[in-house]
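These notes concern the structure reproduced below.
Everything numeric here is computed off the predicted structure, so don't read it as measured data.
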Amino acid sequence: KKPLTLSYTTFDTYYIDVQMDLIDKTEKETGGLYCKIQLMGLGLFYKTYTDRNIAEENGGKTYDYTYDYTYANNAASTLQFDVESQRQCPCKLIILGPAINPSWTQYLNGEQVATGKVNVTLSASERLIVDTTKIPYSIIKCNHDGTNAENVYQNSDFTTKRFILLNNGQNTIRINHEGADDLNLYLERREVYETV
(Lines give C-alpha, C1' and ligand atoms only; values in the text may rest on other atoms or scores of the structure.)
Protein backbone atom coordinates (compact mmCIF):
# COMPACT_ATOMS: atom_id res chain seq x y z
CA LYS A 1 0.00 0.00 0.00
CA LYS A 2 1.48 3.36 -0.99
CA PRO A 3 2.56 5.84 0.16
CA LEU A 4 4.37 4.52 3.23
CA THR A 5 5.81 6.72 5.97
CA LEU A 6 8.19 5.43 8.62
CA SER A 7 8.04 7.13 12.03
CA TYR A 8 11.23 7.23 14.16
CA THR A 9 11.15 8.54 17.73
CA THR A 10 14.21 9.58 19.77
CA PHE A 11 13.94 12.87 21.69
CA ASP A 12 11.61 14.05 18.90
CA THR A 13 9.58 12.19 16.30
CA TYR A 14 10.89 12.21 12.74
CA TYR A 15 9.38 10.79 9.57
CA ILE A 16 10.72 9.48 6.29
CA ASP A 17 8.80 8.44 3.18
CA VAL A 18 9.69 4.88 2.18
CA GLN A 19 8.81 2.11 -0.23
CA MET A 20 9.20 -1.64 0.19
CA ASP A 21 12.50 -2.72 -1.35
CA LEU A 22 12.61 -6.42 -0.42
CA ILE A 23 10.30 -8.94 1.24
CA ASP A 24 11.29 -12.48 2.23
CA LYS A 25 8.33 -14.83 1.90
CA THR A 26 7.93 -17.58 4.49
CA GLU A 27 5.60 -20.47 5.03
CA LYS A 28 2.27 -19.77 6.67
CA GLU A 29 2.37 -20.31 10.41
CA THR A 30 -0.20 -19.98 13.12
CA GLY A 31 -1.27 -16.34 13.11
CA GLY A 32 -0.15 -15.61 9.54
CA LEU A 33 3.00 -15.14 7.47
CA TYR A 34 6.08 -13.76 9.23
CA CYS A 35 8.19 -11.99 6.62
CA LYS A 36 11.28 -9.84 6.92
CA ILE A 37 10.99 -6.65 4.89
CA GLN A 38 13.50 -4.07 3.80
CA LEU A 39 12.41 -0.47 3.28
CA MET A 40 14.13 2.06 1.05
CA GLY A 41 14.06 5.76 1.98
CA LEU A 42 12.66 8.04 -0.72
CA GLY A 43 14.12 11.22 0.73
CA LEU A 44 15.41 12.68 3.97
CA PHE A 45 14.04 12.50 7.50
CA TYR A 46 11.71 15.36 8.41
CA LYS A 47 9.69 16.86 11.24
CA THR A 48 6.29 18.33 10.48
CA TYR A 49 4.90 21.66 11.66
CA THR A 50 1.65 23.47 10.98
CA ASP A 51 1.54 27.27 11.28
CA ARG A 52 -1.74 29.15 11.07
CA ASN A 53 -2.96 32.71 11.25
CA ILE A 54 -6.49 33.75 12.04
CA ALA A 55 -7.51 36.95 10.29
CA GLU A 56 -9.79 38.94 12.58
CA GLU A 57 -11.51 42.22 12.08
CA ASN A 58 -11.10 43.20 15.71
CA GLY A 59 -7.85 44.23 17.31
CA GLY A 60 -7.54 47.48 15.33
CA LYS A 61 -8.03 50.98 16.66
CA THR A 62 -11.65 52.16 16.29
CA TYR A 63 -13.35 55.51 16.75
CA ASP A 64 -16.98 56.30 17.67
CA TYR A 65 -17.47 59.10 15.15
CA THR A 66 -20.18 59.38 12.52
CA TYR A 67 -18.10 57.09 10.28
CA ASP A 68 -16.80 53.71 11.37
CA TYR A 69 -13.15 53.15 10.53
CA THR A 70 -10.70 50.51 11.74
CA TYR A 71 -6.93 50.66 11.51
CA ALA A 72 -6.35 47.03 10.69
CA ASN A 73 -3.36 44.97 11.73
CA ASN A 74 -1.21 44.55 8.60
CA ALA A 75 0.21 41.32 10.03
CA ALA A 76 -3.18 39.54 9.91
CA SER A 77 -2.30 37.73 6.69
CA THR A 78 1.30 36.96 7.68
CA LEU A 79 3.09 33.95 9.15
CA GLN A 80 6.56 34.17 10.68
CA PHE A 81 8.63 31.25 11.99
CA ASP A 82 12.22 30.03 12.31
CA VAL A 83 13.63 27.06 10.39
CA GLU A 84 16.58 25.27 12.00
CA SER A 85 17.32 22.86 9.13
CA GLN A 86 20.35 23.59 6.96
CA ARG A 87 18.56 22.15 3.90
CA GLN A 88 15.80 23.68 1.78
CA CYS A 89 12.48 22.55 3.22
CA PRO A 90 9.26 21.87 1.28
CA CYS A 91 5.85 23.08 2.42
CA LYS A 92 2.17 23.42 1.55
CA LEU A 93 0.80 26.96 1.54
CA ILE A 94 -2.98 26.77 2.05
CA ILE A 95 -5.01 29.94 1.46
CA LEU A 96 -8.63 29.79 2.61
CA GLY A 97 -11.35 31.56 0.64
CA PRO A 98 -13.03 33.81 -0.01
CA ALA A 99 -10.23 35.36 -2.06
CA ILE A 100 -9.73 37.05 -5.41
CA ASN A 101 -6.42 36.49 -7.25
CA PRO A 102 -4.36 35.59 -4.15
CA SER A 103 -0.66 36.46 -4.11
CA TRP A 104 2.16 35.75 -1.68
CA THR A 105 5.62 37.00 -0.83
CA GLN A 106 8.32 35.04 0.98
CA TYR A 107 11.04 36.74 3.05
CA LEU A 108 14.15 35.15 4.55
CA ASN A 109 15.73 37.11 7.41
CA GLY A 110 13.88 40.22 6.18
CA GLU A 111 14.95 39.91 2.51
CA GLN A 112 12.41 39.09 -0.19
CA VAL A 113 13.27 35.78 -1.86
CA ALA A 114 10.12 34.75 -3.78
CA THR A 115 6.68 35.87 -4.90
CA GLY A 116 3.72 34.09 -6.39
CA LYS A 117 0.23 34.80 -7.68
CA VAL A 118 -2.66 32.82 -9.11
CA ASN A 119 -5.51 34.47 -11.01
CA VAL A 120 -8.41 32.57 -9.48
CA THR A 121 -11.47 33.33 -7.37
CA LEU A 122 -12.04 31.24 -4.24
CA SER A 123 -15.46 31.01 -2.60
CA ALA A 124 -15.82 30.80 1.19
CA SER A 125 -15.90 26.98 0.91
CA GLU A 126 -12.72 26.70 -1.19
CA ARG A 127 -8.97 26.79 -0.65
CA LEU A 128 -5.85 27.18 -2.77
CA ILE A 129 -2.96 24.78 -2.08
CA VAL A 130 0.57 25.55 -3.32
CA ASP A 131 2.48 22.32 -2.66
CA THR A 132 6.24 21.66 -2.84
CA THR A 133 6.13 18.49 -0.68
CA LYS A 134 5.62 16.23 -3.72
CA ILE A 135 7.13 16.16 -7.18
CA PRO A 136 5.83 17.53 -9.44
CA TYR A 137 4.98 20.66 -7.47
CA SER A 138 1.34 21.65 -7.75
CA ILE A 139 -1.16 24.49 -7.38
CA ILE A 140 -4.73 23.29 -6.88
CA LYS A 141 -8.09 24.74 -5.92
CA CYS A 142 -10.43 22.48 -3.94
CA ASN A 143 -13.21 22.44 -1.37
CA HIS A 144 -12.20 22.60 2.30
CA ASP A 145 -12.71 18.83 2.58
CA GLY A 146 -10.32 18.21 -0.35
CA THR A 147 -13.01 17.31 -2.90
CA ASN A 148 -13.46 18.82 -6.37
CA ALA A 149 -9.73 19.38 -6.80
CA GLU A 150 -8.85 21.45 -9.87
CA ASN A 151 -5.35 22.09 -11.19
CA VAL A 152 -5.02 25.89 -11.53
CA TYR A 153 -1.28 26.04 -12.27
CA GLN A 154 -2.07 27.40 -15.74
CA ASN A 155 -3.68 30.45 -14.06
CA SER A 156 -0.37 31.35 -12.38
CA ASP A 157 1.37 34.66 -12.91
CA PHE A 158 4.42 33.22 -14.68
CA THR A 159 6.47 36.36 -13.98
CA THR A 160 6.63 35.13 -10.35
CA LYS A 161 8.49 32.18 -8.84
CA ARG A 162 5.23 30.74 -7.40
CA PHE A 163 6.64 27.82 -5.38
CA ILE A 164 7.96 28.22 -1.84
CA LEU A 165 10.96 26.40 -0.36
CA LEU A 166 11.92 27.37 3.17
CA ASN A 167 15.49 28.05 4.28
CA ASN A 168 17.47 28.22 7.51
CA GLY A 169 16.64 31.35 9.49
CA GLN A 170 13.56 33.50 9.99
CA ASN A 171 10.99 32.87 7.27
CA THR A 172 8.01 35.17 6.72
CA ILE A 173 5.11 34.44 4.36
CA ARG A 174 2.77 37.35 3.59
CA ILE A 175 -0.36 36.85 1.52
CA ASN A 176 -2.65 39.34 -0.17
CA HIS A 177 -5.51 39.39 -2.65
CA GLU A 178 -7.64 41.80 -4.63
CA GLY A 179 -10.60 41.46 -2.25
CA ALA A 180 -11.33 43.56 0.82
CA ASP A 181 -10.82 41.16 3.74
CA ASP A 182 -7.73 39.72 5.39
CA LEU A 183 -7.14 36.07 4.55
CA ASN A 184 -6.78 32.97 6.66
CA LEU A 185 -3.87 30.70 5.81
CA TYR A 186 -2.06 27.58 6.91
CA LEU A 187 1.48 26.50 6.23
CA GLU A 188 2.28 22.81 6.57
CA ARG A 189 6.07 22.58 6.53
CA ARG A 190 8.63 19.80 6.65
CA GLU A 191 12.01 20.54 8.20
CA VAL A 192 14.37 18.02 6.60
CA TYR A 193 17.52 16.47 8.11
CA GLU A 194 20.31 14.41 6.58
CA THR A 195 20.64 12.36 9.76
CA VAL A 196 18.72 11.98 13.02
Enter the distance from [X]:[atom1] to [Y]:[atom2] here, rounded to the nearest 0.5 Å.
X: I140; Y: L128; atom1: CD1; atom2: CG; answer: 8.5 Å
X: H144; Y: I94; atom1: NE2; atom2: CD1; answer: 11.0 Å
X: L183; Y: N53; atom1: CG; atom2: CG; answer: 8.5 Å
X: K92; Y: T133; atom1: NZ; atom2: OG1; answer: 5.0 Å

Quiz item: Is the closest side-chain donor-acceptor distance between D17 and Y46 under 3.5 Å?
Solution: yes

Exercise. Would you please say whether a donor-acceptor pair under 3.5 Å links the side chains of Q80 and T172?
Key: yes

Quiz item: So, for P90 and L165, which heavy atoms are closest and what is the spacing to 0.1 Å?
Solution: CA-CD2, 3.9 Å

Quiz item: If you look at every heavy atom in T5 and V18, which pair is closest and at what distance?
Solution: N-CG2, 4.5 Å

Can you confirm whether [X] sits close enough to [Y] that some side-chain heavy atom of one is under 4.5 Å from a side-chain heavy atom of the other?
X: L96; Y: Y186; result: yes
X: T132; Y: C91; result: yes
X: T13; Y: S7; result: yes
X: R190; Y: C89; result: no
X: L187; Y: T50; result: no
X: R174; Y: W104; result: no

Quiz item: Looking at the rings of F45 and Y15, which for Trp means the six-membered one, are their centres under 6.0 Å apart?
Solution: no

Quiz prompt | Near-ring test F163/Y137, centroid separation under 6.0 angstrom | solution = yes

Quiz item: Taking only residues two or more places apart in sequence or in another chain, which ones pass side chain to side chain contact (heavy atoms under 4.5 Å, CB included) with Y49?
Solution: K47, R189, E191

Quiz item: Which residues satisfy the side chain to side chain donor-acceptor pair (under 3.5 Å) test with E178, sequence neighbours excluded?
Solution: N101, K117

